Amino acid sequence: MWARAVARRTHDNRGFAKIEMPTINEDTVEQAALDWLSEVGFDVLHGSTIAPDGDDPERASFQNVVLEERLRDAIERLNPCLPSEAVDEALRKVLRPDLPTVIQNNRAFHQRLRDGVEIEYRRDDGSIAGDHAKLLDDNESANDLLAFNQFVVAEHGNNRRLDIALFVNGLPLVIIELKNSADEQATVDKAFAQLLTYKAELTTLFG
């Protein structure tokens, strides 16, 4: 993500014109990214706002990475014909992956994002109905889009602060690792290595 910087023309003490280039650092890049995300429809909040000790907490602990109430609201909104027990089952399946590896759980989660969560519920006549609960809507405006900067996740003694995390209907779907574009040492490889560290340390976020 690249910051949009504008040069400023000033004059020195002898009256000669000079061009001052703005300072670009990681904060500049972060703010540019957040501005762009706001422009394309995301609500932008600081991660501390919804932290367990924040002004408007939506997480029971720093290990919780799914915004459960937002997810439940989305399932109910996108699947108005499902009874409450079916919504509960869909929520449970998303929150408690039960496959043995991260890769398997990610594949299963991707399938649920694409096709919905397979659920069953009892009809009023006692018969069992099968259905799929949608987690996302094809209409972008029907989804709850949130971008958090400085989103803290703590797990197994590891405490990490994500530059930007994107949530759709309460689900953390994208992590953005920012680097200063003016720093020659801040490479894409280093950003990718940081994401691999998150993957190894924050299993609830990736699994």
Side-chain angles (χ1 to χ4, degrees), residues 1 25-38 40-77 87-110 112-113 117 133 135-136 143-180 186 190-207:
M1 180 64 64
N25 54 38
E26 197 163 308
D27 290 339
T28 312
V29 178
E30 181 178 294
Q31 190 56 55
L34 295 173
D35 290 344
W36 180 80
L37 287 165
S38 179
V40 299
F42 280 82
D43 290 330
V44 175
L45 293 171
H46 195 278
S48 62
T49 303
I50 64 160
D53 55 356
D55 294 335
D56 190 15
E58 296 188 36
R59 306 168 65 193
S61 75
F62 284 105
Q63 186 172 346
N64 293 124
V65 294
V66 175
L67 308 181
E68 295 185 22
E69 289 306 312
R70 290 180 183 267
L71 177 56
R72 177 185 293 277
D73 290 345
I75 295 173
E76 291 177 342
R77 184 177 70 254
V87 172
D88 290 342
E89 182 184 358
L91 185 66
R92 178 186 57 77
K93 286 187 173 181
V94 173
L95 295 177
R96 297 177 178 82
D98 55 3
L99 295 172
T101 70
V102 170
I103 291 178
Q104 288 174 304
N105 280 317
N106 270 267
R107 285 175 176 165
F109 180 63
H110 176 265
R112 287 169 175 170
L113 285 177
V117 182
L135 300 177
L136 306 176
N143 297 305
D144 177 18
L145 306 178
L146 283 174
F148 293 101
N149 62 318
Q150 304 304 306
F151 187 86
V152 175
V153 181
E155 184 178 349
H156 304 310
N158 301 306
N159 191 309
R160 294 293 179 177
R161 188 181 302 272
L162 311 180
D163 288 339
I164 297 178
L166 304 185
F167 286 70
V168 181
N169 295 337
L171 296 167
L173 299 186
V174 178
I175 298 170
I176 300 176
E177 175 67 17
L178 301 171
K179 294 299 178 186
N180 183 357
K190 288 187 176 180
F192 182 67
Q194 186 65 57
L195 291 175
L196 291 181
T197 298
Y198 295 157
K199 180 182 175 182
E201 294 181 351
L202 308 176
T203 55
T204 55
L205 189 60
F206 288 87

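The structure presented is a predicted model; accordingly, all values stated were derived computationally and were not measured.
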Could you go through residues 191-198 and list every donor-acceptor pair under 3.5 Å that involves a side-chain atom there, pairing it with any protein atom two or more places apart or in another chain?
residue, atom, partner, partner atom, Å
T197, OG1, A193, O, 3.1
Y198, OH, E177, OE1, 3.2

Inset, instruction - Kindly indicate, with the supporting measurements, whether the criterion side-chain contact (heavy atoms from CB on, under 4.5 Å) is fulfilled by N169 and L135. - result: CA-CA 7 Å; N169 295 337; L135 300 177; 5.8 Å; no

Legend entry - Atom pair OG1 (T28) and CG (L178), whose distance is rounded to the nearest 0.5 Å: 11.0 Å

Inset, instruction - If a pair satisfies ring pair (Phe, Tyr, Trp, His ring centres under 6.0 Å) and one of its residues is in residues 157-178, list it, with sequence neighbours excluded. - result: F148-F167, F151-F167

Legend entry - Rounded distance [0.5 Å steps], CG in L171 versus CG in L71: 5.0 Å

Inset, instruction - Supply the atom-to-atom distance I164 CD1 to L34 CG, rounded to the nearest 0.5 angstrom. - result: 4.0 Å

Inset, instruction - Examine distances only and state if a side-chain atom of N158 and a backbone atom of A154 form a donor-acceptor pair shorter than 3.5 Å. - result: no

Can I get a per-line list of side-chain donor-acceptor pairs under 3.5 Å for residues 90-98, giving both atom names and the distance, sequence neighbours left out?
residue, atom, partner, partner atom, Å
K93, NZ, E89, OE2, 3.4
K93, NZ, E118, O, 2.6

Inset, instruction - Mark yes when over 12 heavy atoms from residues, nucleotides or ligands other than D53 sit less than 6.0 Å from its CG; otherwise mark no. - result: yes

Inset, instruction - Would you give the length of the straight line joining atom CG of N149 to atom OG of S48, rounded to the nearest 0.5 angstrom? - result: 8.0 Å

Legend entry - Residues which pass salt bridge (Lys or Arg N to Asp or Glu O under 4.0 Å) with D144, listed by chain and number, not counting sequence neighbours: R70

Legend entry - Nearest non-hydrogen partners of E201 and R160, listed with the distance: OE1-NE, 2.7 Å

Inset, instruction - Could you tell me whether the side chains of Q63 and T204 share a donor-acceptor contact shorter than 3.5 Å? - result: no

Inset, instruction - Output the distance between atom CG (D55) and atom CD1 (I50), rounded to the nearest 0.5 Å. - result: 12.0 Å

Inset, instruction - Return the minimal non-hydrogen interatomic distance between F62 and A51, and the atom names on each side. - result: CE2-CB, 3.7 Å

Legend entry - Flag, side chain of N64 to backbone of R59, donor-acceptor distance under 3.5 Å: no

Inset, instruction - Can you sort out the partners of Q150 under side-chain contact (heavy atoms from CB on, under 4.5 Å), two or more places apart, ordered by chain and number? - result: E30, H46, R161, D163

Inset, instruction - Looking only at non-hydrogen atoms, find the nearest pair between A147 and L37 and report the distance. - result: CB-CD1, 3.9 Å

Inset, instruction - Report the distance from atom CG of N106 to atom NZ of K199, rounding to the nearest 0.5 Å. - result: 7.5 Å

Inset, instruction - Check salt bridge (Lys or Arg N to Asp or Glu O under 4.0 Å) between D88 and all other residues, then give those that pass, not counting sequence neighbours. - result: R72

Inset, instruction - Return yes when atom CZ of R107 has more than 12 non-hydrogen atoms of other residues, nucleotides or ligands closer than 6.0 Å, and no otherwise. - result: no

Legend entry - Any side-chain heavy-atom pair of L166 and V168 under 4.5 Å: no

Legend entry - Side-chain H-bond candidate by donor/acceptor type, D35 with Q31, under 3.5 Å: yes

Legend entry - Within-4.5 Å side-chain heavy-atom neighbours: V117 and I75: no

Inset, instruction - Would you sort out whether I175 and L205 count as a side-chain contact (heavy atoms from CB on, under 4.5 Å), showing the intermediate values? - result: CA-CA 10 Å; I175 298 170; L205 189 60; 3.2 Å; yes

